[in-house]
Amino acid sequence: MKRIASLSAAAAVAALPAFAQNVKVTPLGGIDGELCALDRAMVFEDPNGTRVLYDPGMTVAGPDDPRLGKIDVILISHMHGDHVGTAHNKAPNSGTCDKPDTSVSSVPNTNAVDIAVKTRAKIVTGSEMPALFAAKLRANGGDPANSILARFGGSVTIGGVRIATVTAMHSNGVDGDIIGGELGKTMKQAGIAGDVGLATGYVLRFSNGLVAYLSGDTGVTADQERVVRDLYHAKLVVMNIGDTFTTGPTEAAYVINDLVKPESVIPSHANEAGTVNGKARPGSRTEAFMKAVKVSAYLPLSGRTLEFDANGKCAAGC
Ligand SMILES: [Zn+2]
């Protein structure tokens with residue numbers, strides 16, 4: 001009797017830390033419980049409590065969005081308006097899933113910078129984006145030292161989360177509306193965008209050992225095999241699937257099935273109403289991707305938290 005009791009107590013002790021060691025992923029999309037056209041934003045919460053906001057875009061309803069909570073780090077894959085946030089919705093659940101509300105302008109500041117000023121989060125970007133974000137923080141009462149560089153091949157560790165940037169085959173022009181003033185207006189009229197170097201993806205290593213690859217907007221690259229898989233061993237991937245601007249469902253599935261080969265994948269950047277009542281919409285790119293991938297795939301439904309263990313296995317909310 002005593003022996004059984006001590007065994008089950010040992011099992012409970014063994015189970016507890018494992019349960020507590022999950023990384024929580026919560027999409028902050030346009031409509032609760034759905035994957036909608038402009039959804040990019042996700043919060044990754046390390047088991048140690050560090051909270052990382054990825055590509056706030058237009059569906060985080062500005063710095064006062066009640067879903068944000070504490071934010072320690074903001075990642076911005078590149079400067080396009082749907083990622084850095086040149087506008088945003090009035091409140092969560094405004095607009096419709098295929099026609100999101102983007103009625104509140106965020107230029108020239110950007111939604112990302114407004115959120116960083118309010119939360120005092122650090123902005124970690126690659127290429128030559130840190131100087132732009134430092135200038136924006138300075139201009140808006142934030143601390144320019146909170147804009148931090150992680151250029152390809154390097155990394156920074158903040159709050160126990162190691163952050164590296166990786167190749168994204170994409171463009172990265174800064175819209176004249178973000179530059180602002182006469183210069184911004186002249187550039188916009190001429191159809192010329194500002195240059196802050198290459199777009200990026202991210203590889204995050206959380207304190208429980210989970211490695212996650214956030215693709216950003218990208219085409220298919222050999223680095224997805226040689227760097228993201230062979231060097232970093234990513235077990236969880238957030239993969240952009242929207243086509244035209246980034247990999248479509250077939251190319252994105254190839255990246256997952258043949259190049260990165262993670263344990264789990266979360267599609268993102270669908271550029272369509274990807275779900276209806278929380279299920280992949282028949283005939284959608286989202287459905288095509290979910291059918292084409294051979295690893296476990298989980299829809300990022302806004303406000304629904306998924307938990308992943310160190311090996312990238314979905315442990316809760318799946
Ligand atoms: Zn995009």
Side-chain angles (χ1 to χ4, degrees), residues 27-31 34-44 52-60 74-89 95 97-102 105-107 110-113 115 123-127 129 132-133 165-178 193-203 212-221 223-224 228 237-253 255-256 265-275 284-286 288-289 299-300 302:
L28 303 184
I31 305 285
E34 305 287 1
L35 169 59
C36 295
L38 280 173
D39 292 9
R40 284 99 174 94
M42 293 180 191
V43 172
F44 292 80
V52 179
L53 171 64
Y54 167 52
D55 278 355
M58 298 184 177
T59 64
V60 174
I74 300 174
L75 309 176
I76 301 136
S77 61
H78 65 293
M79 293 303 303
H80 291 163
D82 57 322
H83 295 260
V84 72
T86 45
H88 65 79
N89 52 1
C97 199
D98 58 344
K99 291 220 169 46
D101 167 26
T102 57
S105 171
S106 295
V107 288
T110 75
N111 201 16
V113 168
I115 294 167
I123 298 177
V124 179
T125 55
S127 282
M129 291 181 268
L132 184 150
F133 285 114
T165 54
V166 292
T167 311
M169 193 78 85
H170 194 61
S171 61
N172 192 23
V174 183
D175 192 289
D177 288 340
I178 297 173
D195 176 16
V196 284
L198 301 168
T200 68
Y202 287 95
V203 172
Y213 166 50
L214 319 181
S215 75
D217 281 0
T218 185
V220 180
T221 77
D223 283 9
Q224 286 159 336
V228 175
V237 176
V238 175
M239 190 72 212
N240 291 13
I241 66 162
D243 217 334
T244 306
F245 305 98
T246 183
T247 43
T250 306
E251 294 81 359
V255 171
I256 297 305
V265 65
I266 300 171
S268 185
H269 200 285
N271 286 356
E272 64 179 2
T275 61
S284 65
R285 285 186 286 272
T286 301
F289 176 79
L299 290 168
S302 183

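Start at 1 and go down the list; that is how both ligands and their atoms are numbered. As the structure is a prediction and not an experimental result, all values here were calculated from the model.
- No other N/O/S atom of Asp82 lies as close to the Zn ion (ligand 1) as OD2 does.
- At least one side-chain heavy atom of Leu132 sits under 4.5 Å from a side-chain heavy atom of Met79.
- For His269, the nearest N, O or S atom to the Zn ion (ligand 1) falls under 2.8 Å.
- His83 and Asp217 share a side-chain donor-acceptor pair at under 3.5 Å.
- Closest non-hydrogen pair, Thr275 versus Leu35, comes out as OG1-N, 2.8 Å.
- Residues Thr246 and Asn240 bring no donor and acceptor atom of their side chains to less than 3.5 Å of each other.
- Here the angle centred on the Zn ion (ligand 1), running from NE2 of His83 over to OD2 of Asp217, is 100°, rounded to 10°.
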